**Student:** 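Before I ask anything, let me first share the structure, which is written out below as structure tokens.
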2 protein chains.
Amino acid sequence: MTMRQPKTRIQKKNTDAILDAALDVFSRQGFRGATLDQIAKAAGLSKPNLLYYFPSKEAIHVTLLSQLMDLWLDPLRHLDPDGDPVKELLTYVQRKLEMSRDMPRESRLFANEILQGAPRLSGTLGEALKPLVDEKAEIIAAWVAAGKIADVHPQHLIFSIWSLTQHYADFDVQVRMLLGGPEADPFPEAERYLKALFTRLLTP
Amino acid sequence: MTMRQPKTRIQKKNTDAILDAALDVFSRQGFRGATLDQIAKAAGLSKPNLLYYFPSKEAIHVTLLSQLMDLWLDPLRHLDPDGDPVKELLTYVQRKLEMSRDMPRESRLFANEILQGAPRLSGTLGEALKPLVDEKAEIIAAWVAAGKIADVHPQHLIFSIWSLTQHYADFDVQVRMLLGGPEADPFPEAERYLKALFTRLLTP
DNA sequence: CGTGTTCTTGACCAGTTGGTCAAAAAACGA
DNA sequence: TCGTTTTTTGACCAACTGGTCAAGAACACG
């Protein structure tokens, strides 16, 4: 697997299977807790075959994380300084909540990495995340200054959106248990709750 | 180490050192990612000596978790149905935030366990956590019914308190990076922000 | 077809893992 | 003090870890 760009059908199929399986395993076990055997088994490949497509366990993890960062920050990028402030923020909350519902593994992968001190992510965090958050924090600060939303600390507002939405993915086991069984879907009520919360918080 | 109750000075000192070291390691690496060698080194003991005090790696982890649950739920137990509702809840928020500040390792240990699907905790979760949360959710529901706080979903309110406060421990690396450097203490501003948030959310 | 390339795998390796054990070293108690 | 108990450890083990390699199987294509 020295070639980079030209992917045959087989290459595409297998790298996808590997990354999907690795997402399963890494998101549950963390980097150190995951094993190549688990990933290989989940991908339906042999271990040497994994290492034909990726040079190392770490390479799989890094690939996963860098793909994730883009996806993960996308909703924040869409925060429009010219839109209606409260509506913009509520839309952001909802998008993030949908991501927790539809991509819980990605959320847990990210959480695991941060919990461990972000050893493989601190670079990206400073280069991709920080500038974006700074930029959006300024927009929020401008909204506050203009009296269009209530007086809130921009960064902490962003933290609260992240924590409240990602909680439903990362602590999913706990949430479902406390709401009385795995059959019930927590998300419709979560959406209502968060919408009310941020409406009351932000409306001037 | 067959005797259970009668702890000599040495036993107390060493089991404490082991549990403290294990908390460090488990909270960062998760159960599978942690090794007995890491724990032993951090505790200043040899690996066989660890296993003189605890029968297995899992036993150390289980001991930590069961000790933690008690501590962790303590602030919620203090929620007083006869107190002033908003004040009671704000006090709970503040206690939880203080725990994130003063016991971040415990918070991360818990987060790690839940992230992994709570394999070693699902029992305790159902037996200790669920009844307590059910009880306190009823108190909150009664406050809502009496019009003493705004109309919020009790369980989701509790989730939001947990997620918002624990975020400052679990995602500490990210928080500090985005606030501009590890030197600044995020907690004073976090306290102000959360107090305002829950005041606006709960005041009828 | 045939042949060159891509893909797959069984066997293997060195380092690490959780855990054992017997014997030595400390600490204790009379 | 000396014998007993508690504590500590070096040597060791089988299972597992990430990773290698050479050889075979499947595929592409003229």
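Note that this is a predicted model, so its numbers are computed, not measured.
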**Student:** Checking contacts here: which listed nucleotide (C:dT8, D:dT7, D:dG19) is nearest the side-chain heavy atoms of A:Leu51?
**Tutor:** D:dG19
**Student:** Among C:dG18, D:dG18, D:dT20, which nucleotide has an atom closest to any side-chain atom of B:Thr35?
**Tutor:** C:dG18
**Student:** Is the phosphate of D:dT6, meaning OP1 or OP2, less than 4.0 Å from a side-chain N or O of B:Gln11?
**Tutor:** no
**Student:** Taking atom P of D:dT17 as reference, at what distance in whole Å does atom NZ of A:Lys41 sit?
**Tutor:** 12 Å
**Student:** What nucleic acid atoms does A:Ala59 come within less than 4.0 Å of, heavy atoms only: base, sugar-phosphate, or nothing?
**Tutor:** nothing
**Student:** Is A:Arg9 near enough to D:dA28 that one of its side-chain N or O atoms lies under 4.0 angstrom from OP1 or OP2?
**Tutor:** yes
**Student:** Considering only C:dT9, C:dG19, D:dT8, which nucleotide approaches the side chain of A:Pro48 most closely?
**Tutor:** C:dT9
**Student:** Expressed as a whole number of angstroms, how long is the span from A:Asp37:CG to C:dG10:P?
**Tutor:** 13 Å
**Student:** Between A:Tyr52 and C:dT8, does any side-chain N or O lie under 4.0 Å from OP1 or OP2?
**Tutor:** no
**Student:** When the distance from NZ of A:Lys12 to P of C:dC7 is rounded to whole Å, what number comes out?
**Tutor:** 14 Å
**Student:** Show your working on salt bridge (charged side-chain N to carboxylate O under 4.0 Å, His left out) between B:Asp20 and B:Arg105 and close with a plain yes or no.
**Tutor:** CA-CA 10 Å; B:Asp20 189 71; B:Arg105 299 178 306 170; 3.0 Å; yes
**Student:** Taking the inter-plane angle between the rings of B:His153 and B:His156 on a 0 to 90° scale, is it parallel (under 30°), tilted (30 to 60°) or perpendicular (over 60°)?
**Tutor:** perpendicular
**Student:** Round to a whole Å and report the spacing from NZ of A:Lys47 to P of C:dT8.
**Tutor:** 17 Å
**Student:** Using atom CZ of A:Phe31 as one end and atom P of D:dG18 as the other, report the distance to the nearest whole Å.
**Tutor:** 8 Å
**Student:** Looking only at atom types and distance, does a side-chain atom of B:Lys47 sit under 3.5 Å from a main-chain N or O of B:Leu36, one as donor and one as acceptor?
**Tutor:** no
**Student:** Measure from CG on A:Asn14 to P on D:dC27 and round the result to the nearest Å.
**Tutor:** 12 Å
**Student:** On DNA chain D, does the nearest nucleotide to A:Ser56 precede the nearest nucleotide to B:Asn49 from the 5' side, or the other way round? Give the residue.
**Tutor:** B:Asn49
**Student:** Please verify the inter-ring angle class for B:Tyr168 with A:Phe159; under 30° counts as parallel, over 60° as perpendicular, anything in between as tilted.
**Tutor:** perpendicular
**Student:** Would you kindly give the CD1-to-P distance between A:Ile60 and D:dG19, to the nearest whole Å?
**Tutor:** 9 Å
**Student:** Specify the separation, in whole Å, of atom CD of A:Gln29 and atom P of D:dG18.
**Tutor:** 11 Å
**Student:** Between A:Phe31 and A:His61 (judged by ring centroids, cut-off 6.0 Å), do the two rings come close enough to count as a pair?
**Tutor:** yes
**Student:** Do B:Lys57 and C:dG19 share a donor-acceptor pair, side chain to base, under 3.5 Å?
**Tutor:** no
